Colleague: 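Could you have a look at this structure, given as structure tokens, before my questions?
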Amino acid sequence: KNRDDKDSFDTDGTRLFQVKGSSKDSTRAIQVVERASSLNSGDVFILECPADLWIWCGKFCSGDEREVAKTIIKRIKSADYSMIVEGQEPAGFWEALGGKEAYAEYAEAKEDEIHDPRLFQCSDARGYFYVEEVFDFDQIDLIEEDVMILDSYYEVF
């Protein structure tokens, strides 16, 4: 869905995608600002320019991130790409990002792992207060008469 739509965020033909995750199933690509300061050593980045296409691998990235980047890059642009390792970037790579800048040169903390959200139903319909987890939930499982708690690991709603 929306794969062939033009990107209103991109105005100059250059786009930068951060590929991150802790496993093949949780790894995803997110478009970020195309500047060197957006890079970090713990992830893989895909840089698309009108004339070039690169996969940049940070020194602390995972093998899953590298493999997923190879799959994602085919959806971004069907062209040959260069895979580069942190510290061995060609001058054109830095030029496409507006020049070399400082970026996070360390592995990210494990807190960036993906965690499944959890839904809890709080009720007193049985004559006493109880909390029950709802598994494999959908929007239809939200009950207006009870208090529902959605735990997304980093935030609770």
Side-chain angles (χ1 to χ4, degrees), residues 1-120 133-142 148-157:
K1 183 177 178 182
N2 301 333
R3 195 175 346 166
D4 298 321
D5 291 351
K6 294 297 177 193
D7 187 2
S8 61
F9 183 72
D10 174 43
T11 56
D12 61 357
T14 300
R15 299 187 299 172
L16 181 64
F17 297 89
Q18 179 179 16
V19 181
K20 62 187 294 180
S22 57
S23 71
K24 185 177 180 183
D25 294 329
S26 69
T27 302
R28 68 225 183 261
I30 303 165
Q31 188 171 357
V32 295
V33 177
E34 63 239 20
R35 297 195 54 170
S37 59
S38 296
L39 301 173
N40 74 66
S41 297
D43 293 321
V44 172
F45 290 81
I46 297 171
L47 179 60
E48 175 197 17
C49 303
D52 294 301
L53 190 60
W54 290 287
I55 294 178
W56 182 87
C57 302
K59 57 187 166 194
F60 300 114
C61 73
S62 71
D64 285 333
E65 290 170 335
R66 286 190 297 271
E67 291 306 311
V68 170
K70 290 177 189 176
T71 303
I72 292 172
I73 202 164
K74 293 173 189 170
R75 290 179 169 234
I76 293 173
K77 189 175 186 180
S78 58
D80 291 334
Y81 62 88
S82 300
M83 186 166 256
I84 53 178
V85 179
E86 182 176 1
Q88 299 177 2
E89 300 87 353
F93 177 82
W94 295 119
E95 288 171 17
L97 291 174
K100 191 171 183 176
E101 295 178 286
Y103 59 87
E105 296 187 47
Y106 53 84
E108 292 183 323
K110 291 290 184 189
E111 66 188 20
D112 283 341
E113 292 180 4
I114 302 293
H115 298 277
D116 290 331
R118 299 172 69 189
L119 181 66
F120 298 91
E133 186 168 2
V134 180
F135 297 98
D136 193 27
F137 60 88
D138 203 341
Q139 187 171 354
I140 199 162
D141 295 314
L142 299 174
M148 305 299 289
I149 299 174
L150 179 64
D151 179 1
S152 66
Y153 194 78
Y154 295 110
E155 292 182 278
V156 177
F157 301 94

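All values reported here derive from a predicted model rather than from experimental measurement.
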Colleague: With side-chain contact (heavy atoms from CB on, under 4.5 Å) as the criterion, how do Phe17 and Ile76 come out once you've worked through the C-alpha distance, each side chain's angles and the decisive distance to 0.1 Å?
Modeller: CA-CA 10 Å; Phe17 297 89; Ile76 293 173; 3.6 Å; yes
Colleague: Would you give the length of the straight line joining atom CE of Met83 to atom CD1 of Ile46, rounded to the nearest 0.5 angstrom?
Modeller: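 Here the rounded value is 9.0 Å.
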Colleague: Do Arg15 and Leu47 touch side chain to side chain, with heavy atoms closer than 4.5 Å?
Modeller: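 Answer no - side chains too far apart.
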Colleague: Look up atom CG in Asp64 and atom NZ in Lys20, then write down how far apart they are to the nearest 0.5 Å.
Modeller: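 If we round to the nearest 0.5 Å, Asp64:CG and Lys20:NZ are 15.0 Å apart.
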Colleague: Between Phe60 and Glu105, is a side-chain contact (heavy atoms from CB on, under 4.5 Å) present by the stated rule, with each step listed?
Modeller: CA-CA 9 Å; Phe60 300 114; Glu105 296 187 47; over 6 Å; no
Colleague: Quick check for you: to the nearest 0.5 Å, what is the distance between Ser82 atom OG and Leu53 atom CG?
Modeller: 8.0 Å
Colleague: Is any NZ, NE, NH1 or NH2 atom of the basic residue among Arg118 and Glu133 found under 4.0 Å from an Asp or Glu carboxylate oxygen of the other?
Modeller: yes
Colleague: Quick check for you: to the nearest 0.5 Å, what is the distance between Leu16 atom CG and Gln18 atom CD?
Modeller: 8.0 Å
Colleague: To the nearest 0.5 Å, tell me how far Ser38 OG sits from Ile30 CD1.
Modeller: 12.0 Å
Colleague: Are any side-chain N or O atoms of Ser37 and backbone N or O atoms of Glu101, one a donor and one an acceptor, separated by less than 3.5 Å?
Modeller: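 No, because the side chain of Ser37 does not come within donor-acceptor range (under 3.5 Å) of the backbone of Glu101.
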Colleague: Return the minimal non-hydrogen interatomic distance between Val44 and Ala69, and the atom names on each side.
Modeller: CG1-CB, 3.6 Å
Colleague: How long is the straight-line distance from CG of Asp136 back to CG of Leu119, given to the nearest 0.5 Å?
Modeller: 11.0 Å
Colleague: So, do Asp151 and Phe120 sit near enough that their side-chain heavy atoms are less than 4.5 Å apart?
Modeller: yes
Colleague: Would a distance-only check, ignoring hydrogens and angles, find a side-chain to backbone donor-acceptor pair under 3.5 Å from Asp138 to Ile140?
Modeller: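 Side chain of Asp138 to backbone of Ile140: no pair is present.
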Colleague: Tell me whether Lys77 at atom NZ has more than 12 heavy atoms from other residues, nucleotides or ligands lying less than 6.0 Å away.
Modeller: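 Enclosed.
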Colleague: Side chains of Phe137 and Leu150: does their closest heavy-atom pair fall under 4.5 Å?
Modeller: yes
Colleague: Output side-chain donor-acceptor pairs under 3.5 Å for residues 84-99, partner residues at least two apart or in another chain, one line each.
Modeller:
unit_1, atom_1, unit_2, atom_2, d
Glu86, OE1, Ser41, OG, 3.0
Glu86, OE1, Lys59, N, 2.8
Glu86, OE2, Ser41, OG, 2.7
Glu86, OE2, Tyr103, OH, 2.8
Glu89, OE1, Gly87, N, 3.1
Glu89, OE2, Trp56, NE1, 2.7
Glu89, OE2, Gly87, N, 3.0

Colleague: Test side-chain contact (heavy atoms from CB on, under 4.5 Å) on Asp43 and Phe45 and set out the steps.
Modeller: CA-CA 7 Å; Asp43 293 321; Phe45 290 81; 3.9 Å; yes
Colleague: Step by step, would you call Glu34 with Asp12 a side-chain contact (heavy atoms from CB on, under 4.5 Å)?
Modeller: CA-CA 10 Å; Glu34 63 239 20; Asp12 61 357; 3.3 Å; yes
